[in-house]
Every structure is written in C-alpha cells, then in structure tokens.
Peer 1: 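Have a look at this one.
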2 protein chains.
Amino acid sequence: MRLIVARCEVRYSGRLSAVLPEALRLLVIKADGSVMVHSDAGGYKPENWMSAPTVIEESDGTIEVRKVGGEERLSIRLAEVASDVTHDMGEAAGLQKDGVERHLQELLAEAPHWCGEGFRLVRREWPTDIGPVDLMCRDREDCFVAVEIKRIGTIQAVEQLTRYLERIRLEPGMRDCRGVLAAQVVKPQARVLAESRGIECVEVDLAVLRGEREPELTLFDAA
Amino acid sequence: MRLIVARCEVRYSGRLSAVLPEALRLLVIKADGSVMVHSDAGGYKPENWMSAPTVIEESDGTIEVRKVGGEERLSIRLAEVASDVTHDMGEAAGLQKDGVERHLQELLAEAPHWCGEGFRLVRREWPTDIGPVDLMCRDREDCFVAVEIKRIGTIQAVEQLTRYLERIRLEPGMRDCRGVLAAQVVKPQARVLAESRGIECVEVDLAVLRGEREPELTLFDAA
DNA sequence: ACTTAGATTTCGCCG
DNA sequence: CGGCGAAGTCTAAGT
C-alpha cells in the first residue's frame, strides 16, 4: 500500500468528467491496484477513485490510472509531494476474504473438531499450486482432510474444493486425502454434488463456535 | 490528517455489530473527526468507518471513536504499529466542506471584494470558541465583516452566522462587526431572516469569480 | 456473466 | 427535520 500526501490536481473521465482543483490531498494506492483520492474531511467516500483492476503508470510528476478493459481514466498531476511511503502489508492482502468467512476460518482453526470428530489442525492456508486450501487437518485415523470454509456452501465451493483435492492427492502420502466443506449453510444442490464426489458437508453455527450456545442435533447431523 | 498503519482489531457497534479480526490495516483519522479503516485491497469502501461528528479518545494501545449524540462506537485495539504520522493539511480542512464550498472560499479569499465593495481579507477561518467563521474582512470604513460562505444560502447558514456574530461581537474592538452571507444561491426565506437580523446576502457566480465571465447586475444587486 | 436487491448505503434536494 | 431519489453508487447473492 502506497500513501502519498501531495498538493495535486485530479481529473477523471469515464462514466462522467470531473476535475478536482489543486489542493493538498491523500492518495492511497492499494496492492490490488485500486486508487483513492481523499481530502482531509468528509469521511467514507473518496473525492475520486478507481477500483481494480487498473494499470498504473507514473512519470515525472503525474500518475495515470486506467481501468483494464475500460475507457475510464484517472489523471493525477502532482504539484508538491509532502510524503510518499509504501507499506508492505503482507501476502494476505491480495486475496481479501469475506470478514465472516475469515472469522469462521479462525474459529474453526482453533476448534477443528467442529469440522469432524477427532480432527486436529495441521495448518491454515495449506498451499497448493492453484491456491491455498483453508484448513488442512488429520482425522481420528490420521488421514489428511482438506477443509474448505464458506459462509454459504455452494456448487462453486464444491468445485473449488474438488480442484484442490485433485492437486493435493498428487502429493506423496496424500493420495487418500479427504475433503470437507464447512459452511454456515450448505445449499441442497451443493450437498448432492458433494456427496457424489465423496466430499462431506458440515454446517457450523457461529454462536456455537463462539461458545455462546450449546450445539443441537440438526437434521443433517442425525443422518 | 493522521495515518496509522498497524496490526489491529476493530469492533463496531451501533446500527449493527461487526468485528474485524486482527490484521494489518490502514487507519485514517481526518481533521474533521471522521475515521476510516482500510485493508490493502478492495477500493472505495472502508472495512469500517465512522463519519463526523465524533469524539476520539486514545489510551494505551486503543482508540475509541464515539459518535457525537449517538450510540455508535468504534473500538480499535492496536496490536503492533508499523507507522503513525500526522500531516497538517492546512487550517481550511478542519470542518467538512463541500468541494464547491471550499473552492468558493478559496476564490473569495483571493478576491473578497465580491462579498462587498472595498472588502479586504483579514484572515480565513477566523477562530471563535464555537468554530471558525469562513472569512474575516474589513470594509471600506475599516469595520470588521464576518463572511459565511455556502454553496446554497439557507436558514441554517443564517443561524450559523448569527451564532458566530454573537461570539465575535463580545471580543474587544469588534462590537460593530457586520455579517455577510455569500452563496451561489440564497434561498428567499434565508434572505428574509438575514435582513431581519441585519445580515447582508450576496450571491456570487463561480464563473465570474474565476474570471471566465463578466459580472452582471442581478435583481438583488440592484436593490 | 448477468441481474437483482441490500447498504452502518451516502448525498443532495425539496416540502 | 423528514422523505424521496440518484449515485461514476458499491457489494454480495442468486440465476
């Protein structure tokens, strides 16, 4: 993340045309390419901005931001730079997970037995060459279990976990790795697809995970 | 404007309850008291925020933001501060101002005679104990004139200027301070109220101020 | 990918 | 001050 405090003039053209006269402002360039222009008042909404995906070009005193595959353009003319710093905010930034999903992942990482009896955590964000799977656990028989966590378990989630399992099972010693989809709600169609592929579905209750409420037997737990 | 890059946990309660688990984020505290919490991805919208007016309290590792006259509360627990810098972005930033209003103030500060013949600028953002008045000028007779600038001159603007004048006239040597409401458009009811309180109204034309167009006599200028 | 509905919507105007 | 409608709406969810 790059933070620039500068006297600057900003021009936007695209869905409309707008000019911000030269003034002292904060420019934020995020790791994903999104750009915000903020003044020192009037919270929340930037004076101007462009969301990802963008191409950013910088040359002597100007920053040009163009939308990938679009006509939009943000031109920033820097008149006087008061500060220009870049912060590495870690590899986790690029992906950006839903707050709830992330929270779920944390809670389940702390108490993986909610994903299956006797489960123990091996690691969070187990890497594969097509992206990290949320949790890698071992079950009671010491068998590996890849756990994909979603707020809502959809067909896409099953497909995603399937792709991970394909890769993981190529690794030595992981040929029998199982798969579990953990979600607050699992859609019926996702459940059908998952079962046909030998993937287990587990519905988790946030209140129970937090220890605020006792677990109850649901229709599916009883099955 | 204060920029903090820190690993932090953020809790909001008010219109809803939300928790952001500990992560590296950018905190922006603007001069008007508005606060934004941004991650390194996903432009435009902050992960969490509170708009002005707020009261901000800071004590060992935590920042508490409360909405003035409301139940909303933003609690930030700082786990590890990577950077914490404050930029003075000019005294004009203090209150939230519309971009147009700000621009108007800049132009009128440069050419205060548009607020009244013979006016000379004493200073912008003249401080009072209830907030700064936009411009303090002297007229041809060297009498002080407090100028409130608005995009649209409303009853509220007249009330605001009235409150300022009450305070200003208590100061030594300013007992006869006059008041002028300068706006692009002055609402008829605001005009009536202003006149009843001896406050002058002036309609200003942005194009004229910029020197792009010659001034024209309007109905009210002629009065 | 397109469409629709919700948002701590925000923001501005009008009665 | 409350209601209504637009926004470069944005964002998530459903189809």
Side-chain angles (χ1 to χ4, degrees), chain A residues 10-20 30 32 34-39 41-54 65-75 96-102 104 150-159 183-190, chain B residues 10-20 30 32 34-39 41-54 65-76 96-102 150-157 159-160 183-190:
Chain A
V10 181
R11 290 166 184 276
Y12 167 79
S13 64
R15 289 186 254 186
L16 59 75
S17 287
V19 182
L20 298 175
K30 292 189 176 184
D32 66 349
S34 50
V35 178
M36 295 185 298
V37 179
H38 272 280
S39 70
Y44 190 94
K45 194 178 179 181
E47 287 190 294
N48 219 318
W49 74 94
M50 191 170 296
S51 52
T54 61
V65 186
R66 284 173 301 135
K67 188 79 155 209
V68 171
E71 298 301 306
E72 291 175 281
R73 184 197 189 92
L74 194 63
S75 301
Q96 136 210 27
K97 274 201 166 98
D98 186 272
V100 177
E101 179 180 331
R102 191 156 165 176
L104 266 181
K150 286 280 182 250
R151 196 165 73 82
I152 295 173
T154 62
I155 300 254
Q156 286 88 347
V158 178
E159 297 285 15
Q184 286 182 284
V185 180
V186 177
K187 296 286 178 187
Q189 292 178 340
Chain B
V10 181
R11 290 166 183 273
Y12 167 80
S13 64
R15 292 187 253 187
L16 58 73
S17 287
V19 182
L20 299 175
K30 292 189 176 185
D32 66 347
S34 49
V35 176
M36 294 185 298
V37 178
H38 272 279
S39 70
Y44 192 82
K45 194 178 179 180
E47 288 189 294
N48 216 319
W49 73 95
M50 192 170 294
S51 53
T54 62
V65 186
R66 284 174 301 137
K67 188 78 153 211
V68 171
E71 298 301 306
E72 290 174 282
R73 184 195 191 92
L74 194 63
S75 302
I76 304 171
Q96 72 237 37
K97 279 202 162 62
D98 188 279
V100 176
E101 183 179 328
R102 190 161 166 170
K150 288 280 181 245
R151 198 162 72 82
I152 295 172
T154 62
I155 299 254
Q156 286 87 345
E159 298 284 15
Q160 187 180 353
Q184 286 183 287
V185 180
V186 177
K187 297 286 181 186
Q189 292 178 340

Peer 1: Rounded off to whole Å, could you give me the NZ-to-C1' distance for the B/Lys150 and C/dG12 pair?
Peer 2: 15 Å
Peer 1: Taking only N and O in the side chain of A/Trp49, is any of them less than 4.0 Å away from OP1 or OP2 of D/dC10?
Peer 2: yes
Peer 1: Starting from C1' on C/dC13, measure out to CD1 on B/Ile155 and report it in whole angstrom.
Peer 2: 16 Å
Peer 1: In whole angstroms, how far is the P atom of C/dC11 from the CG atom of A/Leu16?
Peer 2: 16 Å
Peer 1: Between P on D/dC10 and NZ on A/Lys67, what's the gap in Å once rounded to a whole number?
Peer 2: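 A/Lys67 atom NZ is separated from D/dC10 atom P by 8 Å.
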Peer 1: With side chains defined as the heavy atoms from C-beta onward, is the minimum distance between B/Ile152 and B/Lys187 less than 4.5 Å?
Peer 2: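 Touching, per the 4.5 Å side-chain cut-off.
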Peer 1: May I ask you to decide if B/Ser51's main-chain N or O and B/Lys67's side chain share a donor-acceptor pair within less than 3.5 Å?
Peer 2: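 Confirmed, B/Lys67 side chain pairs with B/Ser51 backbone.
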Peer 1: I want to verify a distance call: between C/dT10, D/dT11, D/dG14, whose nearest atom is closest to the B/Tyr44 side chain?
Peer 2: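 From the listed options, D/dT11 comes nearest.
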Peer 1: So, do A/Tyr44 and B/Met50 sit near enough that their side-chain heavy atoms are less than 4.5 Å apart?
Peer 2: no
Peer 1: Round to the nearest Å and state the distance from B/Glu47 atom CD to D/dA12 atom P.
Peer 2: 11 Å
Peer 1: Could you state the interatomic distance from CD (B/Glu72) to CZ (B/Arg66), rounded to the nearest 0.5 Å?
Peer 2: 12.5 Å
Peer 1: Side chains of B/Arg11 and B/Arg73: closer than 4.5 Å at any heavy-atom pair?
Peer 2: no
Peer 1: Between P on C/dT10 and CE on B/Met36, what's the gap in Å once rounded to a whole number?
Peer 2: 14 Å
Peer 1: As a test of reading the structure: which of D/dT9, C/dT10, C/dC13 is closest to the side chain of A/Arg15, going by heavy atoms?
Peer 2: D/dT9
Peer 1: Compare the minimum distances between each of D/dC10, C/dT8, D/dG14 and the side chain of A/Lys187, then state the nucleotide with the smallest one.
Peer 2: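 Nearest listed nucleotide: D/dG14.
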Peer 1: Calculate the interatomic distance between A/Lys30 atom NZ and D/dC10 atom P; express it in whole Å.
Peer 2: 14 Å
Peer 1: Quick check on C/dC13: is either OP1 or OP2 less than 4.0 Å from any side-chain nitrogen or oxygen of B/Arg151?
Peer 2: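 Yes, such a contact exists.
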Peer 1: Within this structure, what is the CD1-to-C1' distance between B/Ile152 and C/dC11, rounded to whole angstrom?
Peer 2: 12 Å
Peer 1: In terms of the nearest nucleotide of DNA chain D, which residue is placed more toward the 5' end: B/Lys45 or A/Tyr12?
Peer 2: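 Checking each residue's closest nucleotide, the 5'-ward one belongs to A/Tyr12.
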